[in-house]
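Step one of this worksheet: look at the structure below.
It should be emphasised that the depicted structure is a prediction, and the values quoted were computed from it without experimental measurement. Just follow the structure's listing: the first ligand is 1, and inside any ligand the first atom is 1.
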Amino acid sequence: MKTIMVIGAGQMGGGIAQVAAQAGYSVILNDIKDEFVLRGLSIIDKNLSRSVEKGKLTAEDKETILGRITKSTSLQDAAAADLVIEAAVENMAIKSQVFSQLDVICPEHTILSTNTSSLPITEIAAFTKRPDRVIGMHFMNPVPVMKLVEVIRGLATSDEVYKTIETLSIDMGKTPVEVNDAPGFVANRVLIPMLNEAIFTLNEGIATVESIDNVMKLGMNHPMGPLALADLIGLDTVLSIMEVLHEGLGDKYRPCPLLRKYVKAGWLGRKSGRGFYNYQV
Ligand SMILES: CC(=O)CC(=O)SCCNC(=O)CCNC(=O)[C@H](O)C(C)(C)COP(=O)(O)OP(=O)(O)OC[C@H]1O[C@@H](n2cnc3c(N)ncnc32)[C@H](O)[C@@H]1OP(=O)(O)O
Ligand SMILES: NC(=O)C1=CN([C@@H]2O[C@H](COP(=O)(O)OP(=O)(O)OC[C@H]3O[C@@H](n4cnc5c(N)ncnc54)[C@H](O)[C@@H]3O)[C@@H](O)[C@H]2O)C=CC1
């Protein structure tokens, strides 16, 4: 495997492109607009500069890594990819469009993977004529820091494709963990209801934003509180995942109305400058 195309240059796609380029792969970073690709590249540049300042990389390494990433705003560029990692927004209509187009554009050997947080891999695979070559590759945020990749097989995913992705994840410095195709897989089945419950706690006036986060940081040693973590993930993504859990697993997983209200207001967390906290964008 030589060339990886990453679709979506947001916080996840940018991070995935960075670790893939650091692992020596040629990366095509794709988004719908040039400005989004440039924004993704500038975050990668900033991350690598920080590593240079800390003495973890040389300035020359940084340039070599950046030199492995090419920009793309056309899905047709996937014709050159051995693997595609899709990290566009958490929306089945968009993913279905992307996967059905990729199936036509990509050579037969190309593996099509998705970084979806919660959507069924088997259903995404069914938008292609190569369901045996479709797989879930679920990285955690922030990608350059977090070790886990959940690897999720669809019903038809071949053993060969699973093995390739397992090996690639290790090459990228990650630890793959195999989980079955079910709403939210393991990570988000367990994590996101906790974030939703923290939002209910806020909505019911039980404590302030800071107090809720402090309880979980000081009491449970979580590196960040649930409301700060929801802001990091993106409240639109948290809501999409809760909706998948709600639809697939029942009423226990009802999204908190305050979460819906924030998303409707465009308060999406760090990426929009406002969520449970305020940020500079
Ligand atoms: C929604 C889904 O589908 C699945 C998910 O991803 S769920 C979310 C999973 N992620 C989490 O739970 C994250 C929980 N939070 C944490 O682990 C930590 O708070 C954190 C890693 C984000 C920040 O750690 P911290 O110690 O508070 O801050 P800080 O000292 O600034 O950073 C620690 C290191 O991470 C790096 N880092 C932090 N944020 C980064 C980012 N966005 N990109 C790249 N590197 C980053 C820093 O440069 C620093 O690196 P060094 O060790 O080389 O110095
Ligand atoms: N935010 C998180 O903590 C995590 C998110 N994920 C998943 O990763 C995916 C991306 O999430 P984020 O990076 O957080 O979102 P984001 O909102 O930061 O970025 C998404 C990017 O996809 C682009 N995009 C939208 N439609 C596209 C298309 N048709 N073609 C190419 N690019 C397109 C957008 O312009 C945007 O730049 C989602 O499926 C999400 O569920 C997975 C793990 C963690």
Side-chain angles (χ1 to χ4, degrees), residues 5-19 22 28-41 43-57 72-75 77-78 84-102 113-119 121 124 136-150 152 184-192 194-195 213 216-217 221-226 228-245 263 268-272 281:
M5 181 170 194
V6 179
I7 296 182
Q11 56 177 339
M12 294 306 292
I16 295 166
Q18 180 184 325
V19 295
Q22 282 181 289
I28 305 165
L29 182 57
N30 169 276
D31 207 303
I32 45 181
K33 284 191 186 164
D34 205 38
E35 65 191 88
F36 298 153
V37 183
L38 289 174
R39 185 185 55 194
L41 278 171
I43 294 169
I44 297 173
D45 191 313
K46 222 183 302 167
N47 284 343
L48 295 175
S49 296
R50 222 172 28 224
S51 295
V52 172
E53 280 157 29
K54 287 178 190 158
K56 293 183 173 178
L57 277 184
S72 157
T73 48
S74 166
L75 219 49
D77 296 330
V84 176
I85 305 177
E86 174 276 321
V89 281
E90 190 72 346
N91 175 310
M92 191 54 114
I94 290 179
K95 293 198 194 291
S96 73
Q97 252 183 26
V98 168
F99 274 78
S100 48
Q101 288 179 55
L102 285 173
S113 76
T114 171
N115 183 51
T116 178
S117 291
S118 60
L119 297 167
I121 306 304
I124 293 173
M137 202 179 179
H138 184 208
F139 291 83
M140 300 294 124
N141 185 8
V143 179
V145 182
M146 308 304 279
K147 284 283 169 207
L148 175 69
V149 177
E150 278 188 312
I152 310 117
F185 317 124
V186 172
N188 288 332
R189 167 93 175 252
V190 177
L191 175 72
I192 303 296
M194 184 191 71
L195 306 191
D213 276 356
M216 300 306 285
K217 280 193 293 183
N221 255 358
H222 288 193
M224 63 206 301
L229 182 55
D231 276 355
L232 172 72
I233 292 169
L235 302 188
D236 51 343
T237 303
V238 172
L239 178 59
S240 297
I241 298 168
M242 274 315 293
E243 279 170 341
V244 169
L245 295 177
V263 172
L268 305 181
R270 286 196 195 195
K271 63 183 162 190
S272 71
V281 273

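Closer than 4.0 angstrom to ligand 1 lie heavy atoms from N47, R50, K54, K56, S117, H138, M140, N141, P142, P144, V145, M146, N188, L191, P223, M224, L229, I233. For a heavy-atom separation below 4.0 Å, the residues in contact with ligand 2 are I7, G8, G10, Q11, M12, N30, D31, I32, F36, R39, A87, A88, V89, E90, I94, K95, V98, N115, T116, S117, H138, F139, N141, I233, T237, K271.
At least one side-chain heavy atom of Q22 sits under 4.5 Å from a side-chain heavy atom of L48. With contacts defined as side-chain heavy-atom distances shorter than 4.5 Å, the pair M140/L191 does not qualify. Counting heavy atoms from C-beta outward, V84 and V98 have side chains that stay 4.5 Å or more apart. Proximity of E86 to M5: side-chain heavy atoms (C-beta onward) are nowhere separated by under 4.5 Å.
Remark: E150 engages no residue in a salt bridge (Lys or Arg N to Asp or Glu O under 4.0 Å) (not counting sequence neighbours).
Closest of all the heavy-atom pairs between V281 and R270 is CG1-O, 3.3 Å.
Under the 3.5 Å distance criterion, the side-chain polar atoms of D213 are matched with a main-chain donor or acceptor of A228. Using a distance-only test at 3.5 Å, with no hydrogens or angles considered, a donor-acceptor pair links the side chain of K95 to the main chain of A88.
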Using distance only, find each side-chain donor-acceptor pair of residues 238-245 under 3.5 Å and give its atom names and separation, not counting sequence neighbours.
{"residue": "S240", "atom": "OG", "partner": "D236", "partner atom": "O", "Å": "3.0"}
{"residue": "E243", "atom": "OE2", "partner": "R260", "partner atom": "NH1", "Å": "2.7"}

